[in-house]
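Because only heavy atoms are used, hydrogens play no part in the values below, and waters and symmetry mates are left out as well, while side chains stay in.
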There are 2 protein chains.
Amino acid sequence: MSCRREKEGSEWEGRFRGCGYRWTLSRQAIIEALSSTSDHMSAEEVYNAVQKKHSSIGLATVYRTLEILVGMAVVLSFDFGDKRARYELAERFSKKDHHHHLVCNDCGKVVEYTEFIGDEIELLNKTEKGLSKKYNFKIDNHVIQFYGLCKKCQ
Amino acid sequence: MSCRREKEGSEWEGRFRGCGYRWTLSRQAIIEALSSTSDHMSAEEVYNAVQKKHSSIGLATVYRTLEILVGMAVVLSFDFGDKRARYELAERFSKKDHHHHLVCNDCGKVVEYTEFIGDEIELLNKTEKGLSKKYNFKIDNHVIQFYGLCKKCQ
DNA sequence: ATTGATAATGAGAATCAATATCAATAAGGA
DNA sequence: TCCTTATTGATATTGATTCTCATTATCAAT
């Protein structure tokens, strides 16, 4: 086992314990699964991925852990219109740049675009500030998504 | 019955028949229910509202009709994070101005804001155009929403 | 290393919004 | 009025997610 892996392990461990959670094999495996793909996995897909190495981990544990990770803002949960939550590591834990999503209503294909993000973020921040003040909300999250038909499905 | 009501009835009838659908009492009642509130009703809430005047209309019909209305772009469907679809009449069929939503993650309160819409729309249109070209998508829908905690829930 | 409090877990049952089935009914053109 | 067929209500079913509960694992204190 490499030095790097140990270091990563203890970072995650620290993050969990810092939030009052224990550090367990299941949690490690689930984070590994999320880290090792660029897909937007559903809970069941995470379960299947995790099963390959650790067949004893149950589906309920996957759901519970994902809930915790979302609460820790380590994982983001998305709704792409296919009737199940889909998960992806938050920007700072992933290799991906900040992006938003463009979803095909027919085949479900998801494009992660980064091209127009700059202006979007800027506007979102401004709007967020305005909304916070006017409506007394403490805003901690936003969604921007586009829906349509991809080339094939048009 | 007023002249206006008759006229509205036939407008809706025309819209349905123009799409190859029949015009039925159930559909009329469901549209009335959607028109007579500013809430974001769930399918079950629409069902309850409709039941008061037409107790024979079934829940399945409500779901089916809402699906059709969404397909006709008469009704918009939203996900506010409470695990059920919520519906509202599209802008051109409602008294409301174009707005986006700000949702409390705790109590579920939904604020419809219109203040910052101008810039948002402009940016969305621009982004939409850029995405269409670059990714060959025919975009027909977008979502912008903010999530946080309202004053009470902070 | 052992212990004890308790957090986490797996298996499976339960929940609940949404969808599918199917026989009966209603819409609307001929 | 008749006929075709879309629509409907009742109800069963699905499928993602959550809950329950007995068992196990974590980890701070010993």
Notebook entry, point to check: Given side chains that start at C-beta, do those of A:His142 and A:Thr127 come closer than 4.5 Å, heavy atoms only?
Noted result: no
Notebook entry, point to check: What's the OH-P distance between B:Tyr63 and D:dT13, to the nearest Å?
Noted result: 18 Å
Check: What residues, two or more places apart in sequence or in another chain, satisfy ring pair (Phe, Tyr, Trp, His ring centres under 6.0 Å) together with A:Phe80?
Finding: A:His40, A:Phe78, A:His101
Notebook entry, point to check: What do you reckon, is CD of B:Glu67 surrounded by more than 12 foreign heavy atoms closer than 6.0 Å?
Noted result: no
Check: Starting at CZ of A:Arg17 and ending at C1' of D:dA25, how long is that distance when rounded to a whole Å?
Finding: 13 Å
Check: More than 12 heavy atoms of other residues, nucleotides or ligands under 6.0 Å from NZ of B:Lys96: is that the case?
Finding: yes
Note to self: On a heavy-atom basis, which atom in A:Phe146 and which in B:Ile139 lie closest, and how many Å separate them?
What the structure shows: CD2-CG2, 4.0 Å
Check: Taking the side chain as C-beta and beyond, is there a heavy-atom pair between A:Phe137 and A:Leu131 under 4.5 Å?
Finding: no
Notebook entry, point to check: Do B:Gln28 and B:His54 get their side chains close enough for a donor-acceptor pair, meaning under 3.5 Å?
Noted result: no
Notebook entry, point to check: In whole angstrom, what separates B:Glu67's CD from D:dT7's P?
Noted result: 12 Å
Next item on the list: Determine, for nucleotides 2-12 of chain C in 5'-to-3' order, which nucleotides have protein heavy atoms under 4.0 Å from the base (write B), from only the sugar-phosphate (write S), or from neither (write -).
Entry: ----BBSBBBB
Next item on the list: Might you confirm whether atom CD of B:Glu122 has over 12 heavy atoms from other residues, nucleotides or ligands at distances under 6.0 Å?
Entry: no
Item checked: For D:dT4, the Watson-Crick or wobble partner whose two distances fall under 3.5 Å -> C:dA27
Note to self: Quick check on contacts: within residues 70-86 of chain A, what sits under 4.0 Å from DNA chain D by heavy-atom distance?
What the structure shows: A:Lys83, A:Arg84, A:Ala85
